[in-house]
Protein chains: 4
Amino acid sequence: MISKEENILFAAEKLFAEKGFEGTSIREIAKAANVNISMISYYFGSKEKLYEKLVEYRMNEGQFFSKDILERTDINDWEKIEKIVDQFAGKVRHQKCFYRIMQREQLHTQNPHIVDFLKQTKMGFISMYSKILESGLKKGIFTKNPPIYLLHSTVSGTLFYASNAKEMYKEFLNNTDEEEIFDDTYYTELNTHIKYLLKDLLGYEENK
Amino acid sequence: MISKEENILFAAEKLFAEKGFEGTSIREIAKAANVNISMISYYFGSKEKLYEKLVEYRMNEGQFFSKDILERTDINDWEKIEKIVDQFAGKVRHQKCFYRIMQREQLHTQNPHIVDFLKQTKMGFISMYSKILESGLKKGIFTKNPPIYLLHSTVSGTLFYASNAKEMYKEFLNNTDEEEIFDDTYYTELNTHIKYLLKDLLGYEENK
Amino acid sequence: MISKEENILFAAEKLFAEKGFEGTSIREIAKAANVNISMISYYFGSKEKLYEKLVEYRMNEGQFFSKDILERTDINDWEKIEKIVDQFAGKVRHQKCFYRIMQREQLHTQNPHIVDFLKQTKMGFISMYSKILESGLKKGIFTKNPPIYLLHSTVSGTLFYASNAKEMYKEFLNNTDEEEIFDDTYYTELNTHIKYLLKDLLGYEENK
Amino acid sequence: MISKEENILFAAEKLFAEKGFEGTSIREIAKAANVNISMISYYFGSKEKLYEKLVEYRMNEGQFFSKDILERTDINDWEKIEKIVDQFAGKVRHQKCFYRIMQREQLHTQNPHIVDFLKQTKMGFISMYSKILESGLKKGIFTKNPPIYLLHSTVSGTLFYASNAKEMYKEFLNNTDEEEIFDDTYYTELNTHIKYLLKDLLGYEENK
DNA sequence: CATGAATGAGCGTTCATTCAT
DNA sequence: CATGAATGAACGCTCATTCAT
């Protein structure tokens, strides 16, 4: 059973993703969530706080998502990288709305809460990459030591850009498949591509 | 001498970049441009049209930017790719506001004018890459034939992401240089990185 | 107890009557009705819709006003005509604001709602006159068969014109009576005059 | 040759008639008259003064229109009445725009100039009617002595009302004639009708 | 008896929020 | 952990007019 609060949250997420924070009115959200306008201020305090709550909600939902990957011993460092990419790509694909919001936030944001969330996430990634890279280098699995921020920019940037431009590329590729099938192919190809880049960047050789 | 119209245009660009279209009021723009509110409608017709005019203005400004690269005979196909990356990176660096606006537009946009501009630009890039790749493959300069859209996503995505996250990375890198100097290093490193990725993707070997 | 909505409606009616639709601002209405400006959009949606609502309100109020006259059997056809004139004159006198608005609307109007209301009213009158005239002719009460539209123009036109010019005529007649008393005399005389004209037009003789 | 000033005046007249004073913007007038917006204030001082000038212009054009009728000796008093009605009806028919404006003004007006014009016109009519009635009674041409203001209201009211409702009646009469022909018939019938009413009111018998 | 740029006030409307229940 | 009415501020825009030339 979905709560009234989550109902509002999800309606807001969709609208914020589509039209941005300022472009979305609480009237629209209320209508989409099928609740009275005053409910939003009532539940969340304000439009701003609803926004923050939403980010918080999604962050909590996925915050432990790759923490434990680091500590796993059943897979090697490259496989850990693969897992991270898989997980991240999966999220970008299936939490499209939320990641759209986060991307828009990276373009400005004055909200200190969101800035914090963003920094935290980014630093989380960077620290994971660092640790794996260090370990992999030590073990000789990786042979190159690229700046982490470039590695991160490449993975996240390519993933986001390709995700956003999907519709345009679809048109360009003259694709006629239905949504789900095209998506599968698209994200698989994208995923492989990113891993290919990472192998090069890290100097990882598959069958060594 | 800067005209009143351009004055408005540039003030608007900065604000739109910072706060988005809906987040910026014509009152703010008028104040920033030091003109009367009614001037915006007077010169441009409406806030929306000002926005479109701005995009048009920047697009025109840079529209011939790499068309002639294709036809040059004094440089080989790889050098053409390098030129495109250099130019593009230069723009993203120095027209930060405009590219911020365009990135935000990629996250939704209902405005058909902007959609058109975006498509046009993207297709322009893709067509350029295609031609150079084809030519380079024929000549044996390139040895791989990656999907153009992935190549494009990687270049644009990495560039944009790194550009947006600059301040965060700067902090992470504990940099104490002044703005200009850090920027130089940052974009040089970024540029080299992207070219490195492209060499790998295209199978180009420098001193063959 | 008068509702806030009616409060706005009546304030608007007075102002629209005095200054026309375009000549009246919602700020004036709000001030006159002693409510916040935003209440107009809140209650009615827009200034235009408030206007339409007002017309609708007054029309509904008086819509059954003479429908049943036709079916009465206790009075003859001439007396029916008299009743209609009495009722109509009473309305014009006591709903001065509304009829002022409607007269102004007859001078142009683009609003399809209002056009419809006007047509409806006019056709209602014409149909009533037609039926009574036909019946009266059959019974020999009336001996003439004038074009209905001329009959209607005479009644409505004379009534409206005299009503509008009342103040000027009052001055001309050097009248010193107080408002209410002058009004009584004025409208009584006017009423008698119109009936006199109708008798002539219909060929009705009182004591036949 | 039509002057630029008259050009503006006539464009304004048409628009004021259609949409009222407040409903018409000087931008519209300027566009219709094919002149620069600032010309209106330049020529006439203000929108208000343009309006007054227009009324003045039309009043002057027709002010002596029936003054000399009174002094004529070649026609009797009834024929004088007929001439007045003919002239008035002709004006209402052919100066439709101007009379529309004047009717609208009768419904309110704050402008003292216009109030004066209206009063002047009305009093002119009333005085003419008075003199002719007095003379006709003395000579025995008229046998009744109705209140002048009722006589005037009937003539003007019927004429105006019928003129305004023409399109609606046209529809009602299922008329298929072309504009000009229907107009001829309509105004002839209307004119005859008004004279018929006047004969009754004045107690005039044609072939006595 | 001209012109086009520019102005500030005011327009109708919508906004996020709060109040009374 | 509810509701619907009501609010004042701000929105984008148009208005009649004026200014500089």
Side-chain angles (χ1 to χ4, degrees), chain A residues 3-8 12 21-30 35-51, chain B residues 3-5 7-8 12 21-31 33-51, chain C residues 3-5 7-8 12 21-31 33-51, chain D residues 3-8 12 21-30 35-51:
Chain A
S3 78
K4 212 168 195 173
E5 220 161 325
E6 285 176 315
N7 202 11
I8 295 171
F21 179 76
E22 284 91 356
T24 305
S25 78
I26 59 164
R27 267 160 190 78
E28 289 176 285
I29 298 170
V35 299
N36 188 278
I37 323 167
S38 55
M39 288 285 84
I40 278 136
S41 296
Y42 183 62
Y43 276 129
F44 300 95
S46 69
K47 186 188 173 186
E48 189 86 26
K49 280 185 196 137
L50 157 62
Y51 193 60
Chain B
S3 79
K4 214 163 195 171
E5 218 162 325
N7 203 9
I8 295 171
F21 179 75
E22 283 91 357
T24 305
S25 78
I26 60 164
R27 275 165 181 81
E28 287 176 285
I29 298 170
K31 188 173 265 180
N34 215 33
V35 299
N36 190 279
I37 327 165
S38 54
M39 289 283 82
I40 276 130
S41 297
Y42 180 68
Y43 279 126
F44 301 96
S46 70
K47 187 189 174 187
E48 187 88 27
K49 280 187 196 137
L50 158 62
Y51 193 61
Chain C
S3 78
K4 215 163 196 172
E5 217 161 328
N7 203 9
I8 295 171
F21 179 75
E22 284 91 356
T24 305
S25 78
I26 60 162
R27 275 163 182 82
E28 287 178 285
I29 298 169
K31 188 173 266 180
N34 215 33
V35 299
N36 188 280
I37 326 165
S38 53
M39 289 282 83
I40 277 128
S41 296
Y42 180 67
Y43 278 127
F44 302 96
S46 69
K47 186 189 175 188
E48 187 87 28
K49 280 187 196 136
L50 158 61
Y51 192 61
Chain D
S3 77
K4 212 166 194 174
E5 220 162 324
E6 283 176 317
N7 201 11
I8 295 172
F21 179 75
E22 284 90 358
T24 304
S25 76
I26 59 162
R27 269 160 189 77
E28 289 177 285
I29 299 169
V35 299
N36 188 279
I37 322 166
S38 55
M39 289 285 82
I40 278 135
S41 296
Y42 183 61
Y43 278 130
F44 300 96
S46 71
K47 188 187 174 187
E48 189 87 28
K49 281 185 195 137
L50 157 63
Y51 193 62

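All values below were derived from every heavy atom in this structure, side-chain atoms included, with hydrogens, water molecules and symmetry-related copies excluded. Below, chains carry the letters A, B, ... as their sequence lines are ordered, and counting in each starts from 1.
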If pairing means Watson-Crick or G-U wobble with both distances under 3.5 Å, then the partner of F:dG12 is E:dC11

Any strand, both distances under 3.5 Å, Watson-Crick or G-U wobble: F:dT17 pairs with E:dA6

Starting from [atom2] on [N], measure out to [atom1] on [X] and report it in whole angstrom.
X	N	atom1	atom2	result
D:I8	E:dA2	CD1	C1'	11 Å
B:I26	E:dT13	CD1	C1'	14 Å
A:F44	F:dC1	CZ	P	13 Å
A:E48	E:dC15	CD	P	17 Å
C:N34	F:dG8	CG	P	11 Å

Closest to the 5' end of DNA chain E, once D:M39 and B:S38 are matched to their nearest nucleotides, is D:M39

Judged by nearest nucleotide, the residue sitting upstream toward the 5' end of DNA chain E, C:S25 or A:I40, is C:S25

Does the side chain of [X] get closer than 4.0 angstrom to OP1 or OP2 of [N] through an N or O atom?
X	N	answer
A:Y42	E:dT17	no
D:N36	E:dT3	no
D:K4	E:dT3	yes

Looking at B:R27 and F:dA10, is any side-chain donor or acceptor paired with a base atom of the opposite kind under 3.5 Å? no

Among the nucleotides F:dT17, E:dC11, F:dC13, whichever has the atom closest to the side chain of D:K47 is F:dT17

Side-chain atoms of D:Y43 come closest, of F:dT3, E:dA16, E:dA2, to E:dA2

When rounded to the nearest 0.5 Å, the distance separating CD1 of D:I29 from CD1 of D:I8 is 9.0 Å

Distance col, row C:N36:CG vs C:K4:NZ, nearest 0.5 angstrom, shows 8.5 Å

Point to revise | Donor-acceptor under 3.5 Å (C:K31 side chain, C:I37 main chain) | key: no

Note: C:F44 and C:K49 closest approach over all heavy atoms is O-CB, 3.1 Å

TODO: Answer yes or no for C:K47 and C:F21: cation-pi contact, defined as NZ/CZ to six-membered ring centre under 6.0 Å and angle to ring axis within 45°.
DONE: yes

Judged by nearest nucleotide, the residue sitting upstream toward the 5' end of DNA chain F, C:I37 or B:S41, is C:I37

